[in-house]
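For reference, the structure is listed below as structure tokens.
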Amino acid sequence: MFFLLSLSSTSAAGAAIAASNFISLSKKSLSLHYLSLIKTARKPYSCSQFSTTMSINLNSHAFAGNPIRLKTPKSSDPFSPTSAFQTLKTLLLSHTHEPSSPDFKVLPFRKGRPLVGSVCDASGSGGKPSWHLGWLSLGECRAFLENSEVNLNEDSLVYLGFTAEDDDVYWAIDVSEATGLVSEFGARQFCFVELRTLMVATDWIDAKAMGELAVAGHARALLEWHTSSRFCGYCGAKTVPMDAGRRKSCSNELCKRRVYPRVDPVVIMLVIDKENDRALLSRQSRFVPRMWSCLAGFIEPGESLEEAVRRETWEEAGIEVGEVVYHSSQPWPVGPSGIPCQLMVGFFAYAKSLEINVDKEELEDAKWHSREDVKKALTFAEYKKAQRTAADRVDQICKGVEKGQNLSADFSVESGELASMFIPGPFAIAHHLISSWANQVVVNGAETHSKQPGF
């Protein structure tokens, strides 16, 4: 699905290319606990308040804006990781029902895919489907896993956080080894869905939906980190979960090293030719035709963010960069295997040289594009259509409908002709870097950009 791309550096683009891996099973309807994590929608911001005319409104970047709180002022609070973990152990050992306060909710994952359902809200969105997370109560989770290959214990559950106003504590669990769960959930019209697919299917002006996407991304990153950190990187001994799964410790008494969740920082930058009013966009061979995006790359040890921007731009495109201006950042928990979560740190980079020398091992091509050409690409790309198509597909799968509409229908102009180029969708920080430059306003001879979304 070409509209899932967000990066253009080979070194980091694996995190951005959401090619086709799609939806995992479903078939029938279960009244699971799932929660309205945000009771009242936050007021969406418009990038126009930052001196641009960008038409897409966001509360925050996709995967940011997690509505679940991670910490409490005191460890003795019932919602804190320490207290919640002690309560969890008591409940699991006693096989009693969970207490009325706090209430425990569990989100199952299978091979990195969260459990979701889909509903149609005829009153609020004209009958268009929207997905939601498939939260289980602790009792429901125990019942589903009772005769499965997954052992439900305090070490298999990872603490996600809490919402005090709802009196709830949230957990995630990896049920990949439980072979029968797919059909059991499918019989109740719930399914395990690729996070990339949910990213595209999410209505980005819906604060509740964006919040649920952020929760799913946070949970997936933690579970993937648990999978990739089963052994100590220093001595090779097994690691054991600590602090309700928020960190791990080496089991070797002579080592006892602590291991914390991994975040890999990546710089992503729009390189600007200020004098000629152009921006540098690049393509990779893995991109679909006519797809262009920003340069990006991982930060090297001992390197500042600004240095990484300059180095990556020089290595990949042969362009020398001077001034580097921060724009915003985005968590990216849908990167390549073995990297639980990247942090995309976005910049504008102002070119000091203009001659392009493409590193063919990194990029297929890189070109300067005028502001007008970029504006046309933003106008022609049917991002909303792509979102609705993905949402329809999730709904079909959850309801057991066989393969239907192709999600990779190309972006096109209203006349039916193909757009000459397009850029990543609004779920990617690349989109906002490019669109904020394309729609910037010149004030007193100075260019102004959107600094960051929704804060």
Side-chain angles (χ1 to χ4, degrees), residues 11-12 14-16 21 24 63-64 66 68 70-71 75 80-82 84-86 88-89 92 106-115 141 145 148-161 169-178 192 194-196 214-266 297-303 329-345:
S11 59
N21 295 355
S24 164
F63 300 116
N66 188 344
I68 293 179
L70 302 179
K71 294 286 187 180
S75 61
S80 71
T82 302
F85 187 65
Q86 292 303 318
L88 176 69
K89 289 198 295 184
L92 292 175
V106 183
L107 182 62
F109 276 73
R110 182 176 185 271
K111 298 181 179 179
R113 303 165 180 170
L115 183 70
C141 188
L145 297 177
S148 75
E149 297 86 345
V150 177
N151 182 22
L152 181 63
N153 56 45
E154 65 269 20
D155 288 340
S156 61
L157 290 161
V158 176
Y159 177 86
L160 299 179
V169 174
Y170 301 95
W171 306 81
I173 186 170
D174 187 349
V175 297
S176 301
E177 301 302 318
F192 294 98
E194 286 281 0
L195 195 54
R196 293 174 185 269
V215 171
H218 172 64
R220 182 184 188 273
L222 281 176
L223 291 176
E224 290 292 303
W225 167 71
H226 272 274
T227 300
S228 62
S229 61
R230 291 176 295 175
F231 299 94
C232 175
Y234 186 77
C235 72
K238 286 187 177 182
T239 57
V240 292
M242 304 291 289
D243 295 341
R246 305 298 302 183
R247 68 175 179 89
K248 302 181 93 171
S249 177
C250 178
S251 60
N252 183 353
E253 291 293 332
L254 298 177
C255 181
K256 285 289 185 180
R257 287 180 180 264
R258 293 185 175 187
V259 185
Y260 292 93
R262 170 178 168 177
V263 177
D264 292 87
V266 175
F298 286 102
I299 299 171
E300 296 289 347
E303 188 174 49
S329 62
Q330 178 186 26
W332 192 252
V334 287
S337 177
I339 302 180
C341 188
Q342 295 171 232
L343 179 64
M344 310 300 299
V345 188

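Heavy atoms from other residues, nucleotides or ligands lying under 6.0 Å from OH of Tyr234 number 12 at most. By the 6.0 Å contact criterion, CD on Glu149 is enclosed, its count of non-hydrogen atoms from other residues, nucleotides or ligands being greater than 12.
Note that SG of Cys250 and NZ of Lys238 are 12.0 Å apart. Values are rounded to the nearest 0.5 Å. Atoms CE and CZ, on Met242 and Phe85 in that order, are 9.0 Å from each other to the nearest 0.5 Å. Atom CD1 of residue Ile173 and atom CG of residue Leu223 lie 9.0 Å apart, to the nearest 0.5 angstrom. For the atom pair CD of Gln86 and OG of Ser80, the computed distance is 9.5 Å after rounding to the nearest 0.5 Å. Atom CG in Asp264 sits 8.5 Å away from atom SG in Cys341 (nearest 0.5 Å).
When side chains are defined from C-beta on, Val175 does not count as touching Glu177, because their heavy atoms never get closer than 4.5 Å. For the pair Cys255 and Cys232, the minimum side-chain heavy-atom distance is below 4.5 Å. Leu92 has its side chain within reach of Leu152: a pair of non-hydrogen atoms, C-beta onward, lies under 4.5 Å apart. Inter-residue side-chain proximity for Leu343 and Ser329 is flagged as met; some heavy-atom pair is nearer than 4.5 Å. Taking the side chain as every heavy atom from C-beta outward, Ile339 and Glu224 never approach each other to under 4.5 Å. Between His218 and Leu70, the closest side-chain pair of non-hydrogen atoms falls below 4.5 Å. Side-chain contact check for Leu157 versus Leu88: some heavy-atom pair is nearer than 4.5 Å. Using a 4.5 Å heavy-atom threshold, the side chains of Lys248 and Trp225 count as touching.
Without hydrogens or angle criteria, His226 side chain to Gly245 main chain gives a donor-acceptor distance under 3.5 Å. Remark: the backbone N or O of Pro241 is not paired with any side-chain donor or acceptor of Arg247 at under 3.5 angstrom. A distance-only check finds no donor-acceptor pair linking the side chain of Asp243 to the backbone of Arg246 [under 3.5 Å]. Side-chain atoms of Thr239 never come within 3.5 Å of backbone atoms of Ser249 as a donor-acceptor pair (strictly under, hydrogens ignored). Not a single donor-acceptor pair under 3.5 Å links the side chain of Arg220 to the backbone N or O of Arg113.
Taking all atoms of both residues into account, the shortest heavy-atom contact from Leu195 to Gly217 is CD2-CA, 3.7 Å. In terms of heavy-atom proximity, Ser229 sits nearest to Val259 at CB-CG1, 4.4 Å. The two residues Ala244 and Pro81 come nearest to each other via the heavy atoms CB-O, 4.0 Å. Between Phe231 and Gly236, the shortest heavy-atom distance links the atoms CD2-O, 3.6 Å.
Relative ring orientation between Tyr159 and Trp171 is described as perpendicular, the plane-to-plane angle rising above 60° on a 0-90° scale split at 30° and 60°.
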